[in-house]
Amino acid sequence: MKKKKALIFGVTGQDGSYLAELLLAKGYEVHGFARRTSTGNLKHIAHLLDDIELHAGDLADVNSCARAIRGARPDEIYNEADQDHAGWSYRAPDYSSDITGAAVGRLLEIVREVDPAIRFFQPLTSNMFGQLERDAPANEETLLNPQSPYACAKAYAWMLARYYRRVHRLHVCCAIFFNHESPRRSEEYVTHKITRAAVRISKGLQKELLLGDLSLKVDFGFAKEYMEAAWNIMQLPEPDDFVIGTGKAHAIQEFLEEAFRAVGLDARRHVRFDERFLRPGKTSALVADAAKARRAFGFTPRVGFPELVRMLIDCDAAEADKELAARAPSGCP
């Protein structure tokens, strides 16, 4: 039986690395696409480098994207590459719009020309819903009201995906992912910023933590499970859109308290408010209604909120212990 081939754009990131592991375990031939600036940051896929073929390029460069798709000739493409930090997008709206939004059109046009039979997966974000008109879980029919350039770009990506699906009959699948975390999450995101600081403060490596608004409620899930959902969506006979989330919301304040409690500290003693971290556009409490995914392929989150926080804490504790060991004086004269 012929091996399935997959090409993952953004293979070095949190989602791309989990996806690469999943596809290799399922017997795929896996190709990865990474920016030149990312190829020096291969820590999430270092254990996979003998098993995947890397293609260097940039979503801003259509030629490198085309070379990768023509070279890999994949059965499935997963586009996990974008500028996915909402806060950063306020400072770079043009770049965010291009890489997160317009680049999806570039990729789909290449697929249409190279091989329309290629299946394409496009991740989206709950941030597209932004300010909700009513307080209720969001599903695939919820009106979009984005509050950041990043969210606007993702909305554009969704419209492009639907256009190529409807007009050009491409097999384009989308998942509207709610917040999904893991130890592989970049330290610039508030969740990892919190757990890392909690651990480092408890070990004397950091004095305090500066944060912005803690009242926002978020639907937190585990990234690895969401990549399993992505694969399941791509195996369905017809392309479609699905909301993926846990259906439970927790305030950033709760995440903060849970993290500091895990290391035996009171967050109130170590955290200060800093208005520099406030965003100009504030979203509603976004909670997922994943009933459609549950019906279609049995999506059921397994990792709960406390387990997720503990997972990040344990990973950051191991990193902090390595740092302390490196700082320890040698016993040699």
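All values derive from a computational prediction rather than experimental measurement.
To the nearest 0.5 Å, atom CZ of residue R162 and atom CD of residue Q122 are 13.0 Å apart. The CG atom of D314 lies 11.5 Å from the CD atom of E307; values are rounded to the nearest 0.5 Å.
In the model, D219 has a side-chain atom that pairs as donor or acceptor with a side-chain atom of T246 under 3.5 Å. Donor-acceptor pairing under 3.5 Å is recorded for the side chains of H47 and E21. When only modelled atom types and interatomic distance are considered, W158 and Y163 share no side-chain donor-acceptor pair under 3.5 Å. Donor-acceptor pairing under 3.5 Å is lacking for the side chains of R185 and T191. A side-chain donor from one of E76 and Y78 sits under 3.5 Å from a side-chain acceptor of the other. Between D316 and T195, the side chains place a donor N or O and an acceptor N or O closer than 3.5 Å (distance only, hydrogens not considered).
Looking at S17 and R184, their side chains come closer than 4.5 Å, going by heavy atoms from C-beta outward. Looking at heavy atoms from C-beta onward, N145 lies in side-chain contact with Q147 at the 4.5 angstrom threshold.
Relative orientation of the F242 and F297 rings is perpendicular, given thresholds of 30° and 60° on the angle between their planes. Using bins of under 30°, 30° to 60° and over 60° for the plane-to-plane angle, the ring pair F9/F33 lands in the tilted bin. Relative orientation of the F255 and F220 rings is tilted, given thresholds of 30° and 60° on the angle between their planes.
No side-chain donor-acceptor contact under 3.5 Å links K5 to the backbone of H31.
The ring of Y226 has its center no closer than 6.0 angstrom to the ring center of Y18. The aromatic ring centres of F177 and H180 sit less than 6.0 Å apart.
A cation-pi arrangement is absent between R302 and F222 under the rule of less than 6.0 angstrom and at most 45 degrees off the ring axis.
K203 meets the side-chain hydrogen bond (donor to acceptor under 3.5 Å, both in side chains) test with D321; sequence neighbours excluded.
For the side-chain hydrogen bond (donor to acceptor under 3.5 Å, both in side chains) with S182, the lone residue among H44, Q14, E225, K224 that qualifies is Q14.
Enclosure of atom CD in Q235 by more than 12 non-hydrogen atoms of other residues, nucleotides or ligands within 6.0 angstrom is indicated.
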